[in-house]
Amino acid sequence: MSRIGKKAVAIPSGVTANIEGDTITVKGPKGTLSMGLSDLITYKVEDEEISVQPANDTKAARSHWGMQRTLVSNLVEGVTAGYTKVLEISGVGYRASASGKKLKLQLGYSHDVDLDVPEGLEVKTPDQTTVEISGIDKQAVGQFAAEVRRWRKPEPYKGKGIKYRGEYIFRKEGKKK
């Protein structure tokens with residue numbers, strides 16, 4: 001039994017959810033999100049909450065149950081509060097700047113790295129060593145943050161590179177003399 005799946009997803013005021021065919025659509029103050037529904041799960045919108053239950057008692061249905069409930073919860077949270085990932089850049093000469101729908105990174109390469117910001121995301125650079133990625137789709141925010149981080153992952157000797165805020169980088173000791 002899924003402990004997460006048993007809990008119904010509460011729908012806050014100002015948010016509407018409806019199920020049409022094989023998609024669920026959630027509208028809120030920040031925008032609209034929709035998701036395809038699994039055939040193994042039954043979804044019901046009732047009394048300011050969305051309940052998610054397995055359609056039958058197979059192992060596949062029970063294994064999808066908790067994940068599908070979490071995906072529905074992410075839709076509701078996305079249209080109400082949104083998601084933000086903060087990246088920190090450390091290293092001499094490493095910096096970032098955002099202008100419009102472009103993110104420009106200087107990471108010690110012979111060229112600058114120019115990235116196009118995907119539709120629906122907003123990128124801010126409060127200072128040269130911080131990048132804030134925000135949007136209503138949790139998967140899109142996390143994916144773009146991972147693509148930015150991929151250009152210069154933190155290395156274990158000096159800790160230079162791009163890391164998530166709050167991420168701990170295990171540092172190696174180096175050579176002994």
Side-chain angles (χ1 to χ4, degrees), residues 1-88 98 100-103 105 113 115-124 130-154 161-170:
M1 292 298 269
S2 173
R3 293 182 182 170
I4 292 174
K6 288 180 186 178
K7 299 177 184 174
V9 178
I11 301 174
S13 61
V15 175
T16 59
N18 59 359
I19 298 172
E20 293 180 8
D22 61 345
T23 61
I24 183 169
T25 304
V26 181
K27 294 180 184 175
K30 293 218 177 229
T32 303
L33 288 174
S34 61
M35 176 184 80
L37 302 178
S38 173
D39 295 336
L40 300 171
I41 306 295
T42 58
Y43 306 84
K44 292 179 190 161
V45 179
E46 53 192 21
D47 300 333
E48 301 300 320
E49 64 184 21
I50 304 169
S51 63
V52 179
Q53 297 295 325
N56 48 38
D57 200 31
T58 62
K59 184 172 181 166
R62 285 182 284 129
S63 66
H64 279 79
W65 185 15
M67 182 63 176
Q68 291 298 315
R69 188 260 180 210
T70 302
L71 292 174
V72 171
S73 174
N74 289 344
L75 294 179
V76 173
E77 187 177 338
V79 298
T80 54
Y83 293 98
T84 302
K85 289 261 186 190
V86 180
L87 300 171
E88 296 173 343
K101 285 294 195 178
K102 291 273 190 193
L103 177 64
L105 300 171
V113 177
L115 298 173
D116 293 323
V117 178
E119 196 66 36
L121 297 184
E122 184 180 337
V123 176
K124 297 178 191 169
T130 306
V131 178
E132 292 179 0
I133 302 167
S134 58
I136 61 172
D137 188 1
K138 186 175 187 177
Q139 193 276 331
V141 170
Q143 180 67 38
F144 187 65
E147 288 172 9
V148 171
R149 186 177 185 268
R150 179 182 62 88
W151 282 98
R152 186 69 84 177
K153 289 184 180 174
I162 302 173
K163 68 180 186 88
Y164 297 111
R165 177 169 283 168
E167 179 183 11
Y168 178 75
I169 305 301
F170 183 76

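Basis for what follows: all heavy atoms, side chains included, without hydrogens, waters or symmetry-related copies. These figures come from a predicted structure and were not determined experimentally.
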N/O donor-acceptor pair under 3.5 Å between Thr42 side chain and Gln53 backbone: yes

Indicate yes or no: at least one non-hydrogen side-chain atom of Glu20 is less than 4.5 angstrom from one of Asn18. yes

Are there more than 12 heavy atoms of other residues, nucleotides or ligands under 6.0 Å from atom CG of Asp47? no

For Glu119, is the CD atom crowded, meaning more than 12 foreign heavy atoms sit under 6.0 Å from it? no

CZ of Phe144 to CG of Leu87, rounded to nearest 0.5 Å, is 9.0 Å

Give, for atom CD of Glu77 and atom OH of Tyr83, the distance between the pair rounded to the nearest 0.5 Å. 3.5 Å

Rounded to the nearest 0.5 angstrom, the CD1-OH distance for Ile24 and Tyr43 is 8.0 Å

Is the closest side-chain heavy-atom distance between Glu167 and Arg149 below 4.5 Å? yes

Using atom types as modelled and distance alone, determine if a side-chain donor or acceptor of Ser73 lies under 3.5 Å from a backbone N or O of Arg69. no

Rounded at 0.5 Å granularity, tell me how far CG in Leu40 sits from CD in Gln68. 8.5 Å

Are Arg165 and Glu88 close enough for a salt bridge, meaning some N to O gap below 4.0 Å? yes

Measuring from atom NZ of Lys124 to atom OG1 of Thr130, what distance do you get when rounded to the nearest 0.5 angstrom? 13.0 Å

Taking side chain as C-beta onward, heavy atoms only, is Thr58 less than 4.5 Å from Ser63? no

Hey, is NZ on Lys138 packed in by over 12 heavy atoms from elsewhere, all under 6.0 Å? no

Check this for me: does any side-chain nitrogen of one of Lys101 and Asp116 sit under 4.0 Å from a carboxylate oxygen of the other? no

